[in-house]
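Everything below concerns the one structure shown next.
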Amino acid sequence: MIRKKIAELIREAYKGCKDKGIFIYDADIEPIVEIPRESDFGDYSTNIAFILAPKLRKSPRDIANVLAEHIDSKGLCEKIDVAGKGFINFHIKDTVWRSGLKDLFEKGIDAFMPHIGEGRRVLIEFVSANPTGPLHIGHGRGAVVGDVLANILSSVKYDVSREYYINDAGRQIATLGESTYLRLLEIKGEKIDFPDGLYKGEYIKDIAAMLIQMGIEIPDKRDDAIRFLSQFSSNIVMEGIKKDLLDFGVVFDSYFRETELYQSGMVDDTIEGLRSRGIAYEKDGALWFKTGLFEKDEDRVLIKSDGEKTYFASDIAYHRNKIKRGYDTLIDIWGSDHHGYIPRLKASLEALGEDRERLKVILIQFVTLLKDGKPIGMSTRAGQFTTLREVLDEVGRDAARFFFLMRKSDAHLEFDLDLAKKTSNENPVYYVQYANARIESIFRNAREQGILIKGITEGTQQPFEGVASGKTDINIGLLKLREEMDLIKGIIHFYDVIEGSAKSLEPHRLTFYLIDLVGRFHSYYNKARILNENSELTAARLMLLYVLQKVIKYGLKILGVSAPDKM
RNA sequence: GCGCCCAUAGCUCAACUGGACAGAGCGUUGGACUACGAAUCCAAAGGUUGCAGGUUCGAAUCCUGCUGGGCGCACCA
């Protein structure tokens, strides 16, 4: 909120200088306003003088001085000074921070959310694991990143949909059917030599056993049986996946099936479009896509010489379909091992006459599970992968989600099972949740002490009406400890964090913010008493905690982590 | 061989996308509860940001070349 105003002040000052003929450079400026590391450098700072220096042919320091003189802070700033070689530092008045707090108290958190996504539709496609086996830990990471990103984008008013793409047309499903078939024969007493390339997980045996238990008849002919079992097994597996996701707090708006693309003719249609534009050509009996027209990449096959279409073909059709459904931005969340696929998919969008930048791919790096300080290997083939379900059962949803959000997604993640399980100070999840519980506890004590607090409930705008002294007005001017100011500033930074997180598509920023925010609270708590002899001061401090708790809960809600009142 | 990603305190990671003296947590050492929850707080120690160059007012961040790790490069999915 304040940050934007600072940027505006700089723009105005710049314009003033331009109008006066002090600066002879016509272009508009987009000043970068940041929060300096050192508190001595003020609350906000800009490097605009450095940017302008080469254009104005003056020293940054001179430009900063002139600009600073022309900034009318409109009562926002205590002082504005020029430091270093040309930074302009803004020291915001404490009263401004406090009234920001009061605004949040009176109008609620939502009222000040930046509406940067207004009127824009986003489709986030994630997880999209083939229904051939249970979700493993890597899928879990992608699931959380996608889910939280969707929450973040929603909070800044994007119209967001979550979609799961089911590859149910390819060979993998047939392989699944074949695997089930063999297990079935095995249960019936046949000696089976299980070939490589089939799925060997225990869950296949479970499915086979289930078939027998339910007395389901399968077709006699092997091919028919496998076809039947493919469908049956993948449906069972898909149900399991949905259940895991649900328990993980991830719910999709839609499931899109690859077979639908074929049945509706969208794949053929798309291929025909590419062919007629001369972007697809035949060679060696196959149909190729001219990736080379758009990327430094090899041409790729759309239709194999045996007439079968590749995944690439259906993926193009799928993304075209997404655009047709009216989404402005397409976000795909993939495992990082698919990175090589990005150029050709973007190229295909371009080939279809779309803006390739509409597609944003977020890569999720691998997760290494640690137990007793040692990595646990995982291989789907060998059937000893570590499933999301196991991790969920082991450490719980809150810890699992939080841990996945503690790294930026394109970095490897070491997931320490033992640490995530600990209910101790080493576990950052509890650090944040504890703050909320602590605040709640203070509210409980306040009530017990007879400090009149009217409904600390959502939607009530004046929760502290009639605090002890009988006053309804809260004197926020009493909040002047350094720790109180740090906390207030932290609260107001929330909006910058959300916006930054939404623009960069980086959910982990919110996690770090929350840890930092509650750290400020814990320090404050140890420094000052909330409930004290001075009833006015008590009221002011309770109000501060009230708003703080709202922000913590809001943040945790976005992360999909619970905020228990007692723990 | 070509391409993408990563390398930051003993460990796990940040650093607002090029900003000012590189920050947290864990671990180590020392301190703070007979009033609001010690799942907390305060303090100290800990760094040539893998190496070598370059770009500029300024580089962990951008460019080049190495070293070491991950992943891609199918008429597979």
Side-chain angles (χ1 to χ4, degrees), chain A residues 3 32-38 40-41 45-47 49-51 53-54 59-61 83-87 89 130 132 167 170-173 175 283-288 296-298 300-308 310-312 335-343 363 365-366 370 373 406-408 410-414 416 419 422-431 433-435 437-446 448-449 493 496-497 499-501 503-504 506 508-509 511-513 515-516 518-519 521-532 538 541 545 566-567:
Chain A
R3 191 183 210 155
I32 295 168
V33 178
E34 52 188 11
I35 300 166
R37 252 197 280 266
E38 283 297 310
D40 288 351
F41 296 145
S45 148
T46 184
N47 63 350
F50 292 101
I51 311 280
S59 82
R61 182 91 202 182
K85 291 173 186 165
F87 292 97
N89 296 331
N130 291 346
T132 53
N167 286 116
R171 178 153 310 141
Q172 293 197 344
I173 299 292
T175 306
K283 192 183 86 180
D284 303 334
L287 189 73
W288 297 71
K296 228 179 81 183
D297 193 13
E298 314 267 315
R300 305 289 170 176
V301 170
L302 294 167
I303 304 178
K304 297 189 265 176
S305 52
D306 64 3
E308 217 176 302
T310 60
Y311 263 27
F312 182 40
S336 62
D337 52 337
H338 290 85
H339 67 79
Y341 203 68
I342 299 175
L363 295 175
Q365 275 286 1
F366 291 136
L370 289 183
M406 289 208 311
R407 306 280 175 268
K408 51 182 174 205
D410 61 356
H412 282 270
L413 169 73
E414 284 201 3
D416 189 329
L419 177 59
K422 274 189 194 164
T423 56
S424 75
N425 53 345
E426 295 160 62
N427 192 332
V429 190
Y430 295 97
Y431 188 67
Q433 290 181 324
Y434 181 59
R438 206 175 215 184
I439 293 169
E440 195 57 38
S441 166
I442 294 170
F443 288 157
R444 274 196 300 271
N445 283 319
E448 278 167 23
Q449 289 177 28
H493 288 156
D496 288 334
V497 173
E499 187 172 334
S501 196
K503 282 182 175 166
S504 62
E506 290 178 346
H508 76 280
R509 293 193 191 191
T511 317
F512 281 93
Y513 164 77
I515 293 172
D516 175 77
V518 305
F521 163 67
H522 287 310
S523 294
Y524 172 47
Y525 176 88
N526 276 277
K527 177 78 184 292
R529 271 197 68 81
I530 311 304
L531 307 176
N532 56 75
T538 299
R541 287 179 172 172
L545 295 204
K566 286 183 182 173
M567 34 195 300

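Chain letters run A, B, ... following the sequence lines, proteins first and then strands; every chain starts at 1.
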Which is true for [X] with a 4.0 Å heavy-atom rule: it touches a base, it touches only sugar-phosphate, or it touches nothing?
X	value
A/Arg3	base
A/Ser59	nothing
A/Arg61	nothing
A/Gly170	sugar-phosphate
A/Glu499	nothing
A/Phe366	sugar-phosphate
A/Asn130	sugar-phosphate
A/Lys503	nothing

Side chain of [X], base of [N]: donor and acceptor closer than 3.5 Å?
X	N	result
A/Ser45	B/A20	yes
A/Arg300	B/C73	no
A/Asn89	B/A20	yes

Taking syn as any angle within 90 degrees of 0 and anti as the rest, which one fits [N]?
N	result
B/C66	anti
B/U64	anti
B/C63	anti

Minimum-distance nucleotide to A/Pro36 side chain [options: B/A77, B/A20, B/U40]: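 The answer is B/A20, which lies nearest to the side chain.
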
Selection from B/A77, B/G19, B/C75 that lies nearest to any side-chain heavy atom of A/Tyr311: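 Closest of the options to the side chain of A/Tyr311: B/A77.
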
Where do [X] and [Y] come nearest, in terms of heavy atoms and distance?
X	Y	value
A/Asn89	A/Ala83	ND2-CB, 3.5 Å
A/Arg407	A/His508	O-CB, 3.5 Å
A/Pro428	A/Met406	CG-SD, 3.5 Å
A/Ile35	A/Arg3	N-NH2, 4.1 Å
A/Pro36	A/Phe41	CG-O, 3.5 Å
A/Arg529	A/Arg541	O-NH1, 2.5 Å

Secondary-structure notation, RNA chain B, from Watson-Crick and G-U pairs under 3.5 angstrom (| other strand): (((((.(..((((.....[...)))).(((((.......))))).....(((((..]....)))))).)))))....

Within the structure provided, determine whether [X] and [Y] are in side-chain contact (heavy-atom separation under 4.5 Å).
X	Y	value
A/Phe87	A/Asn47	yes
A/Asn130	A/Ile173	no
A/Leu363	A/Ile342	yes

Whole angstrom value for the distance that separates [atom2] of [N] from [atom1] of [X]:
X	N	atom1	atom2	answer
A/Asp297	B/G72	CG	P	16 Å
A/Lys304	B/A74	NZ	C1'	10 Å
A/Phe512	B/A15	CZ	P	7 Å
A/His338	B/A77	NE2	P	12 Å
A/Asp337	B/G69	CG	P	20 Å
A/Ile342	B/C71	CD1	P	17 Å
A/Phe50	B/U56	CZ	C1'	12 Å
A/Glu34	B/G58	CD	P	18 Å

Below the 4.0 Å mark, does [N] have OP1 or OP2 next to a side-chain nitrogen or oxygen of [X]?
X	N	answer
A/His508	B/A15	yes
A/Ser523	B/C42	yes
A/Tyr513	B/A15	no

Earlier contact from the 5' end, RNA chain B, for A/Glu298 and A/Gly519: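 Result of the comparison: A/Gly519.
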
Residue whose closest nucleotide on RNA chain B lies nearer the 5' end, A/Gly500 versus A/Met406: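 This one resolves to A/Met406.
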
Protein-to-nucleotide contact annotation, 5' to 3' order, nucleotides 32-38 of chain B [B base; S sugar-phosphate only; - none; under 4.0 Å, heavy atom]: ---BBBS

Reading 5' to 3' through nucleotides 3-11 of chain B, protein heavy-atom contacts under 4.0 Å coded B for base, S for sugar-phosphate only, - for none: BBS------

A/Phe41 over B/A20, stacked by centroid distance under 5.5 Å, angle under 30°: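 According to the criterion (under 5.5 Å, under 30°), yes, A/Phe41 stacks.
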
Plane angle bin for A/His522 and A/Tyr434 - parallel if under 30°, tilted between 30 and 60°, otherwise perpendicular: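 The rings of A/Tyr434 and A/His522 lie parallel, inter-plane angle below 30°.
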
Aromatic plane relationship, A/Tyr525 with A/Phe521 - under 30° parallel, 30 to 60° tilted, over 60° perpendicular: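 Aromatic pair A/Phe521/A/Tyr525 classed tilted.
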
Stepwise side chain to side chain donor-acceptor pair (under 3.5 Å) check, A/Arg300 with A/Tyr341: CA-CA 11 Å; A/Arg300 305 289 170 176; A/Tyr341 203 68; over 6 Å; no

Full working for side-chain contact (heavy atoms from CB on, under 4.5 Å) between A/Leu413 and A/Gln365: CA-CA 7 Å; A/Leu413 169 73; A/Gln365 275 286 1; over 6 Å; no

